[in-house]
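Report on one structure; see the data block that follows.
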Amino acid sequence: MNTKPNGTITLQGEIKHVTYRDERTGYSVVRLNVPNLEGPVTAVGIFPFAAAGETVSLAGEWVIHPRFGRQFKVQSCFPTVPASAAGIERYLGGGSIKGIGPVTAKKIVKAFGERALEILDQEPDRLAEVDGIGPNRRQRILSGWKARSAARDTLLFLYSAGVTTTLAEKILRRYGEQTVNRIRENPYRLAEEVWGIGFLTADRIAAGLGFKPDSPQRMDAGILHTLRTLSEAGHLYSPLPDLIARACETLSAPPESIREAVSRNVARGDLILEEHQGEQAVYLASSYRAEARVASRLNALLSFPPPGDNPECDLGEFLRKFPLRLSSRQVEALRLAIRKKVLIITGGPGTGKTTLVRALLQLHRGQGKKVALAAPTGRAAKRLQETTGHPARTVHRLLEYRVQDGSFSRNAENPLNCDLLVVDEVSMLDVHLAASLLDAVPSEASLILVGDADQLPSVGPGNVLRECIDSGKVPIVELNEIFRQSRESLIVVNAHRIRDGQMPVFARQGGFSGGFCFIQEEDPGKVAMKVCELVTRTLPNGYGLDPMEEIQVLCPMHKGEAGAMALNERLQSALNGGAEALHRGGRLYRVNDRIMQVRNDYEKEVFNGDIGRILSIDPEEQVAVLVFDGRAVPYPFEDLDQVIPAYAITVHKSQGSEYPAVVLPLTTQHYLMLQRNLLYTALTRAKRFAVIVGTKKAVSIAVRNDRVQHRFSRLACRLTGACRS
């Protein structure tokens, strides 16, 4: 232990035990063995590395914690190499090096003693002398050792720049040995190129590296960040005055600087500035091109004549043979499908959309035509296949996504091989995916878009289905008759009542009628308790439902006592509390946990909204295996921030899915999200049972609030020709 002139104390020692660690921030509480000090020292602070066996050099000060007593408060931490054989064994076996666990570490140290680290560095082939280490395992160990050694200097640079440990690992994976050069050149690139890093984090790193507040890189990055934030909220553009105001607030910069940055990015082609009816709209170039392509391709398809070899008499003969009686609207849809190149079929639950799609498929297949079915998500595609008996794929798989360059194999030059394309759940289709899909539709094919325009719009930017309807350019059939068997379900009846602005029909307190139940509870904490009771006991015991597979809690919001985050903690503990666990990034992951992917990972072929389970967690290899629809997918620990617990999810994330039972907490605490289309969407996710726990006041607020959030988009305008792309 030494004391510097400024009063800072330095300690050198070996980490004996990690009491607590937040992988997201690197904040740790460790027990440290320090030579010449009696007993282990408790050290608290930011550790770029914290694993048992690590030897570290710390700078800081002694403090007295009111509860835990004397501690060493860490100001800086640098790793050093352990010297003793015992320290080396603990270091190698501490779980920080892939391929080496405690047993293997013991064998290596037994073979090489205090020279073990030297052997790994300078004579790695000698690992062959260690019992039980074959060629494949030797290669894994050496790869892990080299990666660990090479990463130290880079990670310490990132740490000194204010990067958290989890993000530092991601950055290192993205840029490798070029990390330091890339970030010194322009740290704002992190916000564009590394998932999980936003502008504010990149801005903090840039400030630490000496970038000035008015630097062109910062101004440009702030503009792009503002537009991307709006895109995440569903907007395709921003009116110029709004963009300037938002960017001024984000960047603490004058409007003149923002205008200069916009002009600079427009000249460079990163932004598009378009004026229509006196309003100047600023688009990200990619969003502008996508919106223009959707309008152009739809108008092109509508301009082609429909297939002409399907006379009305064929339809009459088909209807006589079809096993189900179709409503007049369904027959009209069949007739329009014959006459038109593009058709939208919309309607609520129980109105016969699925029966109509089956009839359309049978009609076209009876004429020897090639039919393709698709939906935006895997769950929606699976449901479409189950209800029609015809193979269905996700849009990404239909278009044959290419991981190597992030493009689709199917496009305008290599269109789909089909005569009819049916796309279900079109309300989920954002403008970028819609553009890629329409590019790949052959000019001679017909296109049928099926969806419920009253549901929540897509998570991604745009409102494709609603704007196609509002444009008046695309032929539409709206199915509005509830079939008799569906009228027996209060889920269906109440969904339509909510859509029409009427309060749902409530059965007696706590009783099911037609599959629907409302439980009155005002206190958000008690709402959360009741939701857990329903999921863990009432529904499984009373109705034989599997709480891990057949019951889904849907929440209007993430936060709050009855929000998705709090309910996930409760339900994970109640349903899976004893399983093997991993702490990572402030979250707890357990074997058998129900989880949801929250971003598209094309390399893994797992997409935003996919739900799976954790099959295994391997601390030695630092990999977890997750299962999605029966397919096992390995996840390195650093990728686990792509998944969240899914015992409770937001209503937005449930789009395209159906569950045997849905439990919906609904309180006035959710006021900001209480909207008619959100309540309608939640209720239509339930097949057999739907339970609302909360207050009738909250239900009433949601039913009355039909102000759908406006999304800045000009698709309808482009379809009609009022806007010229």
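- In this structure, Glu521 contributes its side chain and Lys526 its backbone to no donor-acceptor pair below 3.5 Å.
- Ring geometry, Phe408 versus His396: the interplanar angle falls from 30° to 60°, so the pair is classed tilted.
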**OP:** Could you give me the CA-CA distance, side-chain angles and deciding distance for Phe628 and Leu626, then say whether side-chain contact (heavy atoms from CB on, under 4.5 Å) is met?
**Re:** CA-CA 7 Å; Phe628 296 91; Leu626 279 54; 3.8 Å; yes

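- Here the side chain of Ser573 pairs no donor or acceptor atom with the backbone of Glu569 at under 3.5 angstrom.
- Proximity of Thr650 to Met557: side-chain heavy atoms (C-beta onward) are nowhere separated by under 4.5 Å.
- Between the Arg379 side chain and the Gly609 main chain, a donor and an acceptor come within less than 3.5 Å of each other.
- Atom CE of Met548 is surrounded by more than 12 heavy atoms from other residues, nucleotides or ligands within 6.0 Å.
- For the pair Ser654 and Leu554, the tightest heavy-atom approach, listed with the atom from each and the gap, is CB-CD2, 3.6 Å.
- With hydrogens and angles ignored, the 3.5 Å screen pairs no side-chain donor or acceptor of Arg711 with any backbone N or O of Asn463.
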**OP:** Any chance you could lay out the side-chain contact (heavy atoms from CB on, under 4.5 Å) test for Phe506 and Lys696, step after step, and finish with the verdict?
**Re:** CA-CA 10 Å; Phe506 296 107; Lys696 291 183 180 179; 3.8 Å; yes

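- Side-chain N/O atoms of His390 and Arg358 include no donor and acceptor closer than 3.5 Å.
- Side-chain contact between Val703 and Arg497: absent, with no pair of heavy atoms (C-beta onward) separated by less than 4.5 Å.
- Note: Leu683 CG to Ile498 CD1 = 5.0 Å, rounded to the nearest 0.5 Å.
- Listed for the Glu522 side chain is no donor-acceptor partner under 3.5 Å among the backbone atoms of Thr695.
- Checked against salt bridge (charged side-chain N to carboxylate O under 4.0 Å, His left out), Lys604 has the following partners two or more places apart in sequence or in another chain: Asp601, Asp639.
- Between the side chains of Gln572 and Asp593, a donor-acceptor pair is found at a separation under 3.5 Å.
- Remark: of the listed residues Leu356, Thr351, Ile345, Leu479, Leu479 is the sole one forming a side chain to side chain contact (heavy atoms under 4.5 Å, CB included) with Arg329.
- Between Ile692 and Ile519, every side-chain heavy-atom pair lies at or beyond the 4.5 Å cut-off.
- A donor-acceptor pair under 3.5 Å is absent between the side-chain atoms of Arg587 and the main chain of Ile644, judged by distance alone.
- Annotation: cation-pi geometry not satisfied between Lys687 and Tyr659 (NZ/CZ under 6.0 angstrom from ring centroid, within 45° of ring axis).
- Taking the side chain as every heavy atom from C-beta outward, Arg599 and Phe607 never approach each other to under 4.5 Å.
- Note that CD1 of Ile338 is 10.0 Å distant from OG of Ser446, once rounded to the nearest 0.5 Å.
- One finds no salt bridge joining Arg688 and Glu658 here, because no Lys/Arg side-chain nitrogen approaches an Asp/Glu carboxylate oxygen to under 4.0 Å.
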Original post:
Is there a side chain to side chain donor-acceptor pair (under 3.5 Å) between Gln330 and Thr355 once you walk through the steps?
Top reply: CA-CA 9 Å; Gln330 289 172 316; Thr355 298; 4.9 Å; no

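- Nearest heavy-atom pair, Leu674 versus Ala698, reported as atom, atom and distance to 0.1 Å: CD1-O, 3.8 Å.
- Across all their heavy atoms, Pro524 and Ala562 have their closest contact at O-CB, 4.0 Å.
- Annotation: the span from Leu456 atom CG to Leu679 atom CG amounts to 10.0 Å, rounded to 0.5 Å.
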**OP:** Carefully, step by step, assess Arg594 and Ile611 under the rule side-chain contact (heavy atoms from CB on, under 4.5 Å).
**Re:** CA-CA 7 Å; Arg594 185 175 183 174; Ile611 285 183; 3.9 Å; yes

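- Residues Leu571 and Val535 are in side-chain contact: their nearest non-hydrogen atoms beyond the backbone lie under 4.5 Å apart.
- Using a 4.0 Å cut-off between charged nitrogen and carboxylate oxygen, Glu386 and Arg383 do not count as a salt-bridge pair.
- Considering CD of Glu561 and CG of Asp523, their distance stands at 6.5 Å, rounded to 0.5 Å.
- Listed by first then second residue, pairs satisfying ring-ring contact (aromatic ring centres under 6.0 Å, His included) with a partner in residues 525-568 read Phe512-Tyr543, Tyr543-Phe689, not counting sequence neighbours.
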**OP:** With side-chain contact (heavy atoms from CB on, under 4.5 Å) as the test, would you mind laying out the steps for Gln367 and Asp419 before giving the verdict?
**Re:** CA-CA 11 Å; Gln367 297 176 334; Asp419 302 303; over 6 Å; no

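- Asn576 places a side-chain N or O within 3.5 Å of a backbone atom of Val591 that can act as its donor or acceptor partner.
- Within the 4.5 Å cutoff, the side chain of Gln552 has no heavy atoms near those of the Val663 side chain.
- For His235, the ring pair (Phe, Tyr, Trp, His ring centres under 6.0 Å) test picks out Phe712, with sequence neighbours left out.
- Surrounding NZ of Lys353 are more than 12 heavy atoms belonging to other residues, nucleotides or ligands, all under 6.0 Å away.
- The two residues Ile448 and Ala337 come nearest to each other via the heavy atoms CD1-CB, 4.1 Å.
- Without hydrogens or angle criteria, Thr387 side chain to Leu384 main chain gives a donor-acceptor distance under 3.5 Å.
- By the 4.5 Å heavy-atom criterion applied to side chains, Leu398 and Leu437 are counted as neighbours.
- When all heavy atoms of Leu399 and Ala440 are compared, the closest pair comes out as CD2-CB, 3.6 Å.
- Here the straight-line distance linking atom CG of Leu429 with atom CG of Leu449 works out to 8.0 Å at 0.5 Å rounding.
- Separating the CG atom in Asn494 from the CZ atom in Phe516 is a distance of 5.0 Å, to the nearest 0.5 Å.
- Looking at Gln675 and Arg704, their side chains never bring a donor and an acceptor atom within 3.5 Å of each other.
- Pro547 places none of its side-chain heavy atoms less than 4.5 Å from the side chain of Leu539.
- The minimum heavy-atom distance between Ser458 and Gly462, with the atom names listed, is OG-O, 3.3 Å.
- A donor-acceptor pair under 3.5 Å links the side-chain atoms of Arg685 to the main chain of Thr681, judged by distance alone.
- Under a 3.5 Å cut-off, the side chain of Gln655 and the backbone N or O of Pro457 do form a donor-acceptor pair.
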